[in-house]
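To start, the structure itself, in structure tokens.
We number each residue from 1, following the sequence as shown. Keep in mind it's a predicted model, so treat the numbers as computed, not measured.
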Amino acid sequence: MEAPLYPDFPFVPSTPPGGQPAFWVGPRHLAGDDKRLYDTVADTLSGLGWSSLTIVRGRDEPDEDRQVLRSTVLHISPDTLRWAQWCLPDEPFYLGELPIAWQISARPGTSSPLAGWSAYFTPDVPGEAVADFLVALDARDQPVVPFTGPEVVLDAVAAHGWLRDIDQPKAAATDPTFTSHISLGEVPPLIQDGDPRALTTSAGEAGPAGWQAWAEPALGAPCLWVASFGSSVPHDLVAAFAASLSSTAPVLRRVLPAATQEWLLRAPAI
């Protein structure tokens with residue numbers, strides 16, 4: 001019998017029971033992932049023609065209580081230059097005290113086995129935003145080459161009513177309720193990136209900046225979700241995520257995050 005190492009993080013999250021009522025919900029950045037973050041992203045990748053494979057690591061002995069110690073799902077683009085890994089069943093590391101659910105990476109060419117950059121998303125990041133990030137990534141001929149500057153990210157959220165930070169108008173913005181934020185700054189530990197400066201930065205020295213986004217329903221409260229982008233993630237890809245995250249279009253949900261229910265507007269989906 002298989003026993004996953006982390007039973008609280010299911011291998012493939014189950015779809016919410018069909019009997020639960022569905023609502024059109026907004027704002028999107030506080031609507032959570034409907035407990036379908038795997039399904040939403042995997043369906044998008046399947047539609048883009050990415051292949052998937054299951055990686056199982058661990059002992060396989062009849063007398064072991066836990067035969068399968070770790071198992072993950074890896075999705076790979078047709079040109080093998082970009083991939084997305086569902087991380088929750090594996091040994092996760094944490095952003096804002098939340099486990100990483102998806103890690104998305106890209107490399108400059110087939111001659112290099114190493115990722116040029118990686119981006120990370122925890123549970124309750126709206127699946128629509130991760131899907132739109134992947135659609136933009138898939139459409140790029142060169143997944144690691146920067147085409148634009150960081151201003152496109154802030155322009156994307158400002159177009160949907162987010163407010164630029166007074167102290168850092170070129171590096172940070174927040175939604176009108178001050179619960180969700182996006183900022184260009186210090187990259188958290190363990191974020192993988194191909195920029196060599198990320199490996200050579202001395203203690204106390206500022207390394208290359210990357211985009212970070214998070215939702216904090218109340219000051220000092222636990223984060224609802226966190227997204228982190230390595231310093232080499234092209235700004236236009238982050239802008240695709242930010243535009244979707246801040247979109248004013250409602251999203252369909254059956255499961256609402258307990259921490260943000262009071263912030264959400266909802267209408268029955270009939």
Side-chain angles (χ1 to χ4, degrees), residues 28-29 33 37 40-45 47-50 74-87 95 100-110 112 114-122 125-160 162 170-173 180-188 191-195 197-198 207-215 225-247 249:
R28 179 179 299 189
H29 57 89
D33 61 10
L37 187 56
T40 300
V41 174
D43 288 349
T44 298
L45 295 174
L48 293 172
W50 290 34
L74 183 67
H75 299 256
I76 306 172
S77 66
D79 62 7
T80 72
L81 296 183
R82 49 214 105 191
W83 59 94
Q85 181 177 341
W86 175 247
C87 301
L95 287 172
I100 300 298
W102 281 102
Q103 177 180 341
I104 298 168
S105 306
R107 58 178 177 163
T110 55
S112 172
L114 301 177
W117 57 258
S118 292
Y120 304 81
F121 306 89
T122 72
V125 174
E128 296 84 357
V130 183
D132 287 340
F133 175 83
L134 283 162
V135 169
L137 171 61
D138 184 79
R140 261 176 158 260
D141 291 332
Q142 302 177 72
V144 302
V145 178
F147 294 153
T148 61
E151 65 278 356
V152 297
V153 178
L154 297 177
D155 288 345
V157 295
H160 293 149
W162 284 37
K170 296 184 178 181
S180 297
H181 312 265
I182 190 163
S183 176
L184 179 63
E186 183 179 359
V187 177
I191 299 302
Q192 298 178 14
D193 195 83
D195 188 333
R197 294 176 298 165
W211 288 100
Q212 316 302 316
W214 67 97
W225 56 261
V226 180
S228 181
F229 303 85
S231 59
S232 296
V233 178
H235 298 295
D236 60 290
L237 295 182
V238 182
F241 170 82
S244 182
L245 178 72
S246 60
S247 172

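Using modelled atom types, one side-chain atom of T122 and one backbone atom of V226 make a donor-acceptor pair closer than 3.5 Å. Side-chain atoms of W117 come within 3.5 Å of backbone atoms of P143 as a donor-acceptor pair (strictly under, hydrogens ignored).
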- [ ] Begin with the C-alpha distance, continue with both residues' side-chain angles, and end with the deciding distance and a verdict on side-chain contact (heavy atoms from CB on, under 4.5 Å) for H235 and W211.
- [x] CA-CA 9 Å; H235 298 295; W211 288 100; 3.0 Å; yes

- [ ] Start with the C-alpha distance between V41 and F121, add both sets of side-chain angles, then the distance that settles side-chain contact (heavy atoms from CB on, under 4.5 Å), and finish with yes or no.
- [x] CA-CA 11 Å; V41 174; F121 306 89; over 6 Å; no

- [ ] Output, in order, the C-alpha distance, side-chain angles, deciding distance and verdict of side-chain contact (heavy atoms from CB on, under 4.5 Å) for S105 and Q85.
- [x] CA-CA 9 Å; S105 306; Q85 181 177 341; over 6 Å; no

Task: side-chain contact (heavy atoms from CB on, under 4.5 Å) between L95 and W214, worked out - done: CA-CA 10 Å; L95 287 172; W214 67 97; over 6 Å; no

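At least one side-chain heavy atom of P234 sits less than 4.5 Å from a side-chain heavy atom of L237. V125 places none of its side-chain heavy atoms less than 4.5 Å from the side chain of D33. Counting only heavy atoms from C-beta outward, the side chains of S77 and L48 never approach each other to under 4.5 Å. Contact check for L45 versus L134: side-chain heavy atoms found under the 4.5 Å cut-off.
One distance of note links CH2 of W50 with OG1 of T44; it measures 10.5 Å at 0.5 Å rounding. With rounding to the nearest 0.5 angstrom, the CD1 atom of I182 is 12.0 Å from the NE2 atom of H29. In this structure, CD1 on I104 lies 5.5 Å from CZ on F133, to the nearest 0.5 angstrom.
Within a 6.0 Å sphere centred on CD of E186, other residues, nucleotides and ligands contribute 12 heavy atoms or fewer.
Ring planes of W225 and F241: perpendicular class, angle over 60° (limits at 30 and 60°).
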